[in-house]
Amino acid sequence: MNWKRALIITFSIIIGVYLVLAVTAFNQPAEEGATCQDVHISIERGVIEGTLSSAEVRNLLNAEHVNPVGLPLQAVNLRQMEEVLNGHELIEQAECYKTQDANVCVRVTERVPVVRVMARNGDDYYVDKDGKILQNTGYACNLAVATGHIGRLFASKVLAPVGRVILADDFWRSQIEQINVLPDSTLELVPRVGRHIIYLGRPVGITRKLQRLRKFYQYGLSQAGWNKYSRISVEFANQIVCTKR
């Protein structure tokens, strides 16, 4: 019985080792003698459509001389490709890998802006969800525009979180067209529907303030009319102060 048990254990180990080696071999591209045939590019989008295209990614690989097409697979430097792509302003993260059919796949996560800044000092740029400043390269994104007294640090640390809140909600993304920063760094919002200005006050508790305002929209303005007030303040908790037109 002992020799049978030992035989079964030995046989099981051999099968296990074979399966591990087989799976490893099958998941490795057949690089020896193979030439890269093509680059397949996929772009993961954010909440809104950005401007980065597959053609732009391919052009970047060509410009930096790291396009692997035509090269032996063994000579393709995936790390170098990722470093080039990650250095692009509109790319948050890039992942490159080889496939069994002698292709290279490039998976890119796009860096999408959450607010456009057109400051009083003449600055014109975008800010992404992480507070990174993106130069204005002709985006056609439907974003709220921030105006007024805005420095780049304020845009990165304050406006980026505000933009994230607005962009994450379908209603506010459609309703808010402008964020105005006053000299004391308090915020006003300009809506698309309704002839009123929304005063947020200090840029804290934005989500709670907008939740309160939305309820007022539903149960107040829907009865009184969207153009009855010239100013609606949600600066302080548990109250909404309106100024009649």
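Atom set for the values below is all heavy atoms of this structure, side chains included, hydrogens, waters and symmetry mates excluded.
- Of the inter-residue distances, the one linking Ile133 atom CD1 with Tyr126 atom OH reads 13.0 Å to the nearest 0.5 angstrom.
- Between Gly131 and Ser156, the closest heavy-atom pair is O-OG, 2.7 Å.
- For the atom pair CZ (Phe236) and CZ (Arg212), the distance works out to 10.5 Å, reported to the nearest 0.5 Å.
- The two residues Lys244 and Ser230 make their nearest non-hydrogen contact at O-OG, 3.9 Å.
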For residues 59-67, please give each side-chain donor-acceptor pair under 3.5 Å, one per line with the distance, not counting sequence neighbours.
residue, atom, partner, partner atom, Å
Asn59, ND2, Ala55, O, 3.2
Asn62, OD1, Asn67, ND2, 2.6
Asn62, ND2, Arg58, O, 3.3
Asn67, OD1, Val69, N, 3.2

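- Considering all non-hydrogen atoms of both residues, Ala155 and Val117 come closest at CB-CG2, 4.2 Å.
- Remark: Val181 engages Ile150, Phe154, Leu159, Leu187 in a side chain to side chain contact (heavy atoms under 4.5 Å, CB included) (not counting sequence neighbours).
- Atoms CG and SG, from Leu78 and Cys105 in turn, are 10.5 Å apart once rounded to the nearest 0.5 Å.
- A search for side chain to side chain contact (heavy atoms under 4.5 Å, CB included) contacts involving Asp169 returns Phe171, Trp172, Arg214, not counting sequence neighbours.
- Residues Tyr97 and Leu71 do not share a hydrophobic cluster, defined by chaining ILVMFWY side chains whose heavy atoms lie under 4.5 Å apart.
- Gln93 places no side-chain N or O within 3.5 Å of a backbone atom of Val108 that could act as its donor or acceptor partner.
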Criterion side-chain contact (heavy atoms from CB on, under 4.5 Å) on Leu210 and Val165, from CA distance to verdict:
CA-CA 9 Å; Leu210 291 181; Val165 171; 3.9 Å; yes
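- Taking the side chain to side chain contact (heavy atoms under 4.5 Å, CB included) definition, one finds that Ser54 meets it with Ile41, Ile43, sequence neighbours left out.
- Here the closest heavy-atom approach between residue Leu167 and residue Pro113 is recorded as CD2-O, 4.1 Å.
- In this structure, Val190 shares a hydrophobic cluster with Ile197, the cluster being traced through Ile, Leu, Val, Met, Phe, Trp and Tyr side chains under 4.5 angstrom apart.
- Between Val104 and Gln37, every side-chain heavy-atom pair lies at or beyond the 4.5 Å cut-off.
- The stretch residues 218-229 participates, sequence neighbours left out, in no salt bridge (charged side-chain N to carboxylate O under 4.0 Å, His left out) pair at all.
- Evaluation of the salt bridge (charged side-chain N to carboxylate O under 4.0 Å, His left out) test over residues 144-160, restricted to residues two or more places apart or in two chains, returns Asp123-Arg152.
- Residues Leu189 and Leu200 meet the side-chain proximity criterion, which asks for heavy atoms closer than 4.5 Å.
- Side-chain atoms of Thr99 and His40, non-hydrogen and from C-beta on, never get closer than 4.5 Å to each other.
- Of all the heavy atoms in Cys36 and Pro68, the pair that sits closest is CB-O, 3.2 Å.
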So Val57 and Leu85, side-chain contact (heavy atoms from CB on, under 4.5 Å) or not? Walk me through it.
CA-CA 8 Å; Val57 174; Leu85 294 173; 3.8 Å; yes
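- Counting only residues at least two apart or in different chains, salt bridge (charged side-chain N to carboxylate O under 4.0 Å, His left out) contacts with residues 74-83 are absent.
- Interatomic distance, SG of Cys96 versus CD of Gln80, reported as 10.5 Å (0.5 Å rounding).
- Interatomic distance, CD1 of Ile176 versus CG of Leu143, reported as 13.5 Å (0.5 Å rounding).
- Minimum interatomic distance between Val114 and Ala160 (heavy atoms only, all atoms of both residues): CG2-O, 3.8 Å.
- Among pairs with a residue in residues 99-109, those fulfilling salt bridge (charged side-chain N to carboxylate O under 4.0 Å, His left out) read Glu95-Arg107, at least two apart in sequence or across chains.
- Cluster membership for Ile179 and Val193, using ILVMFWY side-chain heavy atoms within less than 4.5 angstrom, is shared.
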side-chain contact (heavy atoms from CB on, under 4.5 Å) for Asn103 and Val39? Distances and angles first, verdict last.
CA-CA 6 Å; Asn103 292 317; Val39 176; over 6 Å; no
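- Chaining together hydrophobic side chains whose heavy atoms lie under 4.5 Å apart places Met118 alongside Val145.
- Between the side chain of Asn86 and the main chain of Ala94, a donor-acceptor pair closer than 3.5 Å is present.
- Atom CG of residue Leu90 and atom CG of residue Leu52 lie 5.5 Å apart, to the nearest 0.5 angstrom.
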Does the pair Glu44 and Glu110 meet the rule for a side-chain contact (heavy atoms from CB on, under 4.5 Å), with working shown?
CA-CA 6 Å; Glu44 296 184 13; Glu110 186 177 22; over 6 Å; no
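- Partner of Glu92 under the salt bridge (Lys or Arg N to Asp or Glu O under 4.0 Å) criterion, chosen from Lys129, Arg111, Lys132: Lys129.
- Residues that satisfy the side chain to side chain contact (heavy atoms under 4.5 Å, CB included) test with Ile232, not counting sequence neighbours, are His196, Leu213, Phe216, Leu221, Tyr229, Ile240, Cys242.
- Applying the side chain to side chain donor-acceptor pair (under 3.5 Å) test to pairs two or more places apart or on separate chains, those with a residue in residues 177-188 are Thr147-Gln178, Thr147-Asn180, Asn180-Glu188, Asp184-Thr186, Thr186-Tyr199.
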